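This report refers to the structure that appears directly beneath it.
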Amino acid sequence: MSESKTFVSRRDFLKTTSTVAASALTASAIPSVHAAGGDTVQVALVGCGGRGTGAAGDALATHGGDVKLVAMADVLQTRLNNSFNNLANDKSFKDKVKVPDENKFIGFDAYKKAIDLLGKGDVVILTTPCGFRPIMFKYAIDKGVNVFMEKPVTVDGVSSKKMLELNEEAKKKNIKVGVGLMVRHCKGRQALFDRIKGGEIGDITSMRAYRIHPPVGSAFTEPRGPGDKSELVWQIKRFHSFLWASGGLFSDFYIHQIDECCWMKDAWPVKAEAFGGRHYRGDFIDQNFDNYTVEYSFEDGTKFHYYGRHLNGCPSKFFSGVHGTKGSAVVSSKGHTPGEVRTFKDQAMDNKNLIWAFPQPEPNPYRVEWQDLLDAIRDNKPYNEVERGVKASLVTSMGRMSAHTGQIITYDQILNSKHEFGVGIDEMTTPESAPPVKADEKGKYPVPEPGIKKDREY
Amino acid sequence: MGPILAASLLALALPSPQNPPSETMTIPGTDLKFEMVYVPGGKAKLGSPADEPGRKPDEMAVHEVELRPFWMSKTEVTWECFVKYFENRKAVKLDGVTRPSPPYEPPHGTMGVGAHPAVGMRWHGAMGYSEWVSALMGQRFRLPTEAELEYAARAGSTAAGPDKADEVAWYKDNAEKKTHLTGTKKPNAFGLCDLMGNVWEYALESHTPPDYRPVLRGGAWNTPGAELRFAARQEILPTWYERDPNRPRSMWWLTDGPFIGFRLVRFADPAAKKDQEAYKAKLEVSDLQRGNAKSEIARISGKIKNGGDRALDEVELTVFFLDDDGKPVFEDGKARASFSKTYPVLVNSDQPGDHRAPLKPGESRSFVVDVPQPLEMDSELTKVGAKVSALQFSK
């Protein structure tokens, strides 16, 4: 890609979207460019994996004004190409995917180049492994660009503090930020929350959630093969396996159900006492356990129990439920969506005791979260989900740290934990850069050792 | 008594639901069993008259078919069997068999597992399972053709649907919104259970070949009684997968398909197995061409010639991309199947096309098939290949 070509394309680009272009050049001078509805919202996708491509598709599927995908960034050319082809070939996005080759960026600074093409009122989608969230969020804030970031948003105490601090700046600049805890946008769960608040099942006495299925995603990993030349890029591809990248399977898989139960309780837990281990490690070299059990405690003593297990040969289960003094409720019946929330007049969640059930079919929250974000951008209404996203990520990490260390971990302990997972992320420039964890000479990575490593997870 | 002999003897007898010829199979290395039932070949009327209540435009007109005999699983494939296939990917090493990644959320939701029908898989998962079972058992299993499914479901009936639906089928009026244990309703006149109701079942062919859209038969637990019809065809609907938060959508699982499953058929011809293997070399594939790519699918065409001296009732071609070293790519960088099957000869199909006629010695025939393009490979793959993966001699 030549300099002049970039320049020309960028000029052309600015011309066709003059209002946005103006703000890109003088972002600080103009307070709002989307006061009137109907302006084109330009989207850049940073992190072109399956979820990122899905999120871009959800953005393009919104209504209420024009949306265009204009830039893409990834560290892997193949991943970007597949993502682009998938979106560009979807007939329902005709004319909405406008990413010329010079706006497709590869590399560790690709996110900057993609964000540079946006102006105020536009949105960057941050769907890289969440270890990269702070540096990318900072760049987007500096450029005054709105953000959609996938969950989790932090992996540890250090990154949580950093994100909360950055977010003060985002709020000052009235940057709209959506966080991919889409269950919060589920109409059924919102109605259930109101019913619980209204006393339909009395005071909450306990909660429980289960996520039990065979190993999935990139959670269990065998040693790197010769095909994966860069250890860093390989870790990014296998992000569920490395705690710096994703917070591990615990953070990435469990955060939604932990968040939805805390939401129903309308509080965050103050401590976690958790258990876990790895029954069958075999040749796998990732940092995850294959089973976790957490007892979360709230200030008023209420307990929330979380169960996760990832073994073959054990039946799958996906469920979140709440018990109260006058009844009980289903928060997730079998998956994130549809939630099929229901309330019952007794502790047995049996249709004989049914009080209420959200009517089916229910709207897809992955779509609703984008509609909500873009509506806020177009109406220029304050919209910032970061604090909630960070706290959900942090209490999730609290449970994980308790299981990994074998210690009771309080909210303050996880927030102030000195164990920073993503050391050196801001210095990664090429695939040859050092990853935050390195394999030993046997190709193995440090794993949690409860009771031995007590103030750090590995 | 060998299955061939059994088949030819029994073909003379009328089917009897009390005592249909059947064989219990055990999946090697497990104690999991399933039953195959012999379905006599013969003539039957399939399709629906234009004035049949509930008829949809994609159904076939009433027409007579003549099918070769086949063996069909007595019930739908169960969870306990299907799980063995996609779990523990390393436990059984099989060349060229691609398996689904396990699902993130249980495809059956809150419904039963064990001997309940496996549900929610996409067509590739059902195809992969039949390959896996075939490789493990050393016998050929495949998905039934549409004609085999309808022929087996009718079991001689020319009515619109089952006579006493409550006796033979789990459907909307009696299923209480869930799957039921397979084989708990009365078998039909062929001794087969659950062909109507419980779960929709994948057919081997596309809804409208070569377009890459599976077709389902038989209705499910959520099918209203009036729609429980032998001739009804069902396509995969976008609402069954578009809730998938990832793109491309999973090749293996539907997000909202807890009413979709499958069963297998088998051509018990072990005696001919050696001959069949040897005969594969006598089929020449030529003129392979990659047409325009549409999204993640490429349309591939070619020709096949029968260079031997025997007529063939069935030829299965596996069509795939080749890597830089000329090796077939059955699975891509995302552990996603990147091959297709096509049947230039398939006498037990009643879909329009010349594939229904046996392929005589010396005869050539063209084929067209849509193949998923491999994703996330180091280089873009443009070369394609095809191999004969199964065949069946004419009698």
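Given the structure is predicted, the values throughout are model-derived calculations rather than measurements.
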Working to the nearest 0.5 angstrom, can you tell me the gap between [X] [atom1] and [Y] [atom2]?
{"X": "A/S316", "Y": "B/Y104", "atom1": "OG", "atom2": "OH", "result": "13.5 Å"}
{"X": "B/D256", "Y": "A/T337", "atom1": "CG", "atom2": "OG1", "result": "7.0 Å"}
{"X": "A/N364", "Y": "B/D244", "atom1": "CG", "atom2": "CG", "result": "10.0 Å"}
{"X": "A/K317", "Y": "B/E105", "atom1": "NZ", "atom2": "CD", "result": "15.0 Å"}

Residue [X] versus chain B: region with a heavy atom under 4.5 Å:
{"X": "A/F318", "value": "both"}
{"X": "A/P338", "value": "both"}
{"X": "A/F253", "value": "side chain"}
{"X": "A/H336", "value": "both"}

- Residue, of A/G217, A/A88, A/G52, A/S333, that accumulates the most heavy atom pairs under 4.5 Å with chain B: A/G217

- Heavy-atom pairs under 4.5 Å with chain B are the metric here; pick the option from A/P365, A/G313, A/G282, A/P315 that has the most.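 The candidate making the most pairs under 4.5 Å is A/G313.
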
- Heavy-atom count around A/Q360 CD within 6.0 Å, excluding the residue itself: above 12? yes

- Message: I'd like to know whether CG of B/D173 has more than 12 heavy-atom contacts from other residues, nucleotides or ligands below 6.0 angstrom.
- Response: yes

- Contacting region of B/E242 [heavy-atom separation from chain A under 4.5 Å]: backbone

- Task: For side-chain contact (heavy atoms from CB on, under 4.5 Å), just list the numbers for B/R247 and A/D90, CA-CA rounded to whole Å, side-chain angles, deciding distance to a tenth of an Å, and then say yes or no.
- Result: CA-CA 11 Å; B/R247 279 175 168 265; A/D90 190 320; 2.9 Å; yes

- Message: Tell me whether B/E87 contacts the main-chain N or O of A/P214 through its side chain, where contact means a donor paired with an acceptor under 3.5 Å.
- Response: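 Such a contact is absent between B/E87 side chain and A/P214 backbone.
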
- Taking all non-hydrogen atoms of both residues into account, name the closest pair between B/P106 and A/K334 and its distance.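 Where B/P106 meets A/K334 most closely, the heavy atoms are CD-O, 3.7 Å.
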
- Any chance the side chains of A/R51 and B/N246 put a donor and an acceptor closer than 3.5 Å? no

